[in-house]
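Excluded from the calculations below are hydrogen atoms, water molecules and symmetry mates; all remaining heavy atoms, backbone and side chain alike, are included. Letters go in sequence order (proteins before strands), and every chain restarts at 1.
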Number of protein chains: 2
Amino acid sequence: MSTTRGVRARARVEVTAAIKDEARRQLAADGAAKLSLRAVARELGMVSSALYRYFPSRDDLLTALIIDAYDSLGEAAEVADDRVGDVAPGQRWVAVCEAVRDWALAHPHEYALIYGSPVPGYSAPEATIPSASRVGLLLIGIVRDAYQQRGVARTPLPAELEPEAQRMAADLAPDLPPEVIAAMVAAWAQLYGLVGFELFGQFNNVVMDREAFFRHAAAQLAHGVGLVFP
Amino acid sequence: MSTTRGVRARARVEVTAAIKDEARRQLAADGAAKLSLRAVARELGMVSSALYRYFPSRDDLLTALIIDAYDSLGEAAEVADDRVGDVAPGQRWVAVCEAVRDWALAHPHEYALIYGSPVPGYSAPEATIPSASRVGLLLIGIVRDAYQQRGVARTPLPAELEPEAQRMAADLAPDLPPEVIAAMVAAWAQLYGLVGFELFGQFNNVVMDREAFFRHAAAQLAHGVGLVFP
DNA sequence: ACAAATAAGAGAGCACCGCTCTTGATTTGG
DNA sequence: CCAAATCAAGAGCGGTGCTCTCTTATTTGT
């Protein structure tokens with residue numbers, strides 16, 4: 001019967017989900033460094049070795065959490081973009097930036113997991129790429145809309161960056177001018193600099209009104225990409 | 001005698017230095033997560049408990065390494081600024097940014113230690129502040145020189161940021177205009193976004209010619225702060 | 001329908017970790 | 001010179017990730 005075949009399968013997805021949920025709880029509470037397979041198993045009433053039937057190692061569990069975190073962040077950004085409605089591209093950009101920051105402040109350990117220090121040698125498993133790209137793709141989409149609807153301000157590139165900018169444009173958005181793509185990639189990285197500095201305490205005793213500071217900085221980023229405000 | 005008093009004291013500083021050196025070796029090799037007191041002790045031919053006479057905990061050892069890393073980075077930045085000589089402020093800025101990036105690429109695990117994810121809850125011990133400030137102070141100095149010698153381009157602030165910008169300026173550089181200080185703090189954070197993305201693999205398959213890309217982005221940061229090129 | 005294959009949980013165990021406490025030797029300062 | 005401070009060493013506690021074996025329950029193929 002279809003049910004008999006499903007008993008094991010169903011149990012498997014449920015247990016897998018329960019493990020991830022508990023792991024996410026511990027991650028949010030104490031950070032990635034203190035996530036312990038034994039503690040997760042203990043909390044779930046299993047024995048630690050049983051966990052290895054679901055995740056072959058601690059790193060694999062963390063990778064699953066990383067993908068979830070990327071998706072959660074990506075969705076938050078997409079929702080924010082939808083919510084803001086049909087406004088000027090610059091305002092959409094700022095809304096997405098603020099969504100990223102809000103998500104980071106609400107999920108600091110998860111943000112640290114994906115944008116903190118993923119072990120400098122470590123290169124992300126292929127599986128993470130689509131989830132990790134969501135925010136970037138969203139920002140590209142905003143710039144593309146701006147370019148098609150009202151155009152963007154363009155500043156010439158230094159000669160040494162021409163070939164690289166053309167290559168990036170061909171990869172990321174062949175319909176957009178290379179200098180805009182180059183500016184966008186830089187702005188994308190810079191956004192995470194702003195968020196990281198706030199989250200990791202580098203702004204302690206330096207920036208007090210973080211809201212206002214961030215909003216202005218995000219707007220300046222939009223400006224640098226060539227987006228305009230109404 | 002002066003020597004007798006010095007036997008213990010001298011041994012102490014030597015052993016302390018040896019511990020830090022070996023720890024730094026392991027940090028550079030395997031990252032902060034894998035730094036093990038027992039392994040350090042083993043390598044030094046001591047027993048692990050003896051290490052606790054010098055550093056009361058693993059975190060204290062790490063804090064010592066953090067301070068050293070900040071100082072190493074700060075000195076690299078200062079040396080680069082000295083070396084570049086009497087050029088336009090924008091070029092000094094770019095030189096310092098490149099020094100930060102070069103240092104990060106040369107010491108990835110140490111960079112991750114200080115600018116990665118310092119455990120979101122964790123707030124840096126007071127002792128780290130002076131060392132951590134060196135790069136920031138250097139950048140402020142460059143902007144100050146630019147302001148006094150040739151002036152900087154100033155763009156007005158949104159009203160909501162006025163008070164905060166004035167507060168920051170009063171704290172960091174009372175002789176500089178608030179909008180310049182605000183732009184500088186943002187640029188400072190953004191610089192670390194650029195470096196972090198490259199170091200932590202976010203630019204994999206996206207940016208290839210990292211040198212050229214970074215140089216351009218750093219120059220754009222300088223522009224955003226109002227610095228000019230000759 | 002039943003035997004074989006497979007998946008899952010339990011338990012013991014290995015090698016490591018940070019950290020504490022006690023013990024005995026050595027150096028220091030009054 | 002002797003008491004006090006300092007330090008290396010050892011044993012030990014509770015924890016970790018991970019492996020291996022054993023037993024039991026489910027799924028599968030005939």
Item to complete: Check salt bridge (charged side-chain N to carboxylate O under 4.0 Å, His left out) between Asp21(B) and all other residues, then give those that pass, not counting sequence neighbours.
Response: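 Asp21(B) satisfies salt bridge (charged side-chain N to carboxylate O under 4.0 Å, His left out) with Arg24(B) once adjacent residues are dropped.
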Please identify each residue that fulfils ring pair (Phe, Tyr, Trp, His ring centres under 6.0 Å) with [X], with sequence neighbours left out.
X: Tyr54(A); result: none
X: Tyr111(A); result: Tyr115(A)
X: His107(B); result: Trp103(B)

Discussion item. So Trp188(A) and Ile140(A), do their side chains get closer than 4.5 Å, heavy atoms only?
Written reply: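 Heavy-atom side-chain distance check fails, nothing below 4.5 Å.
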Identify each atom pair where a protein N or O and an N or O of nucleotides 10-12 of chain C are less than 3.5 Å apart, giving names and distance.
{"from": "dA10(C)", "atom 1": "OP2", "to": "Val47(A)", "atom 2": "N", "distance (Å)": "3.4"}
{"from": "dA10(C)", "atom 1": "N7", "to": "Ser49(A)", "atom 2": "OG", "distance (Å)": "3.4"}
{"from": "dG11(C)", "atom 1": "N7", "to": "Ser49(A)", "atom 2": "OG", "distance (Å)": "3.4"}
{"from": "dG11(C)", "atom 1": "O6", "to": "Ser49(A)", "atom 2": "OG", "distance (Å)": "2.6"}

Could you pull out all residues at least two apart from [X] that satisfy side-chain hydrogen bond (donor to acceptor under 3.5 Å, both in side chains)?
X: Asp60(A); value: Ser57(A)
X: Arg144(B); value: Asp175(B)
X: Asp209(A); value: none
X: Glu75(B); value: none

Starting at [atom1] of [X] and ending at [atom2] of [N], how long is that distance when rounded to a whole Å?
X: Arg42(B); N: dA8(D); atom1: CZ; atom2: P; answer: 18 Å
X: Asp30(A); N: dT16(D); atom1: CG; atom2: P; answer: 12 Å
X: Glu43(B); N: dC17(C); atom1: CD; atom2: P; answer: 12 Å
X: Asp59(A); N: dC18(D); atom1: CG; atom2: C1'; answer: 12 Å
X: Lys34(B); N: dC17(C); atom1: NZ; atom2: C1'; answer: 14 Å
X: Tyr54(B); N: dC19(C); atom1: OH; atom2: C1'; answer: 18 Å

Discussion item. Show me the pairs that pass salt bridge (charged side-chain N to carboxylate O under 4.0 Å, His left out) and involve residues 97-115 of chain A, at least two apart or across chains.
Written reply: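 Sorted pair list: Glu98(A)-Arg215(A), Arg101(A)-Glu198(A), Arg101(A)-Glu211(A).
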Item to complete: Starting from the first five and the last five pairs of the helix from dA1(C)-dT30(D) to dG30(C)-dC1(D), work out the angle between the resulting helix axes, to 10 degrees.
Response: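 That helix gives 10° between its end axes.
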Touch class at under 4.0 angstrom, heavy-atom based, for [X] against every strand present:
X: Phe55(B); answer: nothing
X: Leu51(B); answer: nothing
X: Leu61(B); answer: nothing

Item to complete: Establish, with yes or no, whether the OP1 or OP2 oxygen of dG18(C) is under 4.0 angstrom from a side-chain nitrogen or oxygen of Ser36(B).
Response: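 Result: yes.
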Discussion item. Quick check on dG9(C): is either OP1 or OP2 less than 4.0 Å from any side-chain nitrogen or oxygen of Tyr52(A)?
Written reply: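 Negative; the distance criterion is not met.
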Fill in: Quiz item: Arg38(A) side-chain donor-acceptor pair to dG15(D) base, under 3.5 Å
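Counting by modelled atom types and ignoring angles, no donor-acceptor contact under 3.5 Å is found here.
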Discussion item. Given the structure, check if the side chain of Arg8(A) and the base of dA25(D) hold any donor-acceptor pair shorter than 3.5 Å.
Written reply: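 By the distance-only test, yes, there is a pair.
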Discussion item. More than 12 heavy atoms of other residues, nucleotides or ligands under 6.0 Å from CG of Asn205(B): yes or no?
Written reply: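 Not more than 12 within 6.0 Å, no.
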Discussion item. I need the residues from residues 12-23 of chain A with at least one non-hydrogen atom less than 4.0 Å from DNA chain D; give them sorted by number, or say none.
Written reply: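 When residues 12-23 of chain A is checked for heavy atoms under 4.0 Å from DNA chain D, there are no hits whatsoever.
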Item to complete: Work out which heavy atom in Gly224(B) is nearest to a heavy atom in Ala183(B); give both atom names and the distance.
Response: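 Minimum heavy-atom separation between Gly224(B) and Ala183(B): O-CB, 3.7 Å.
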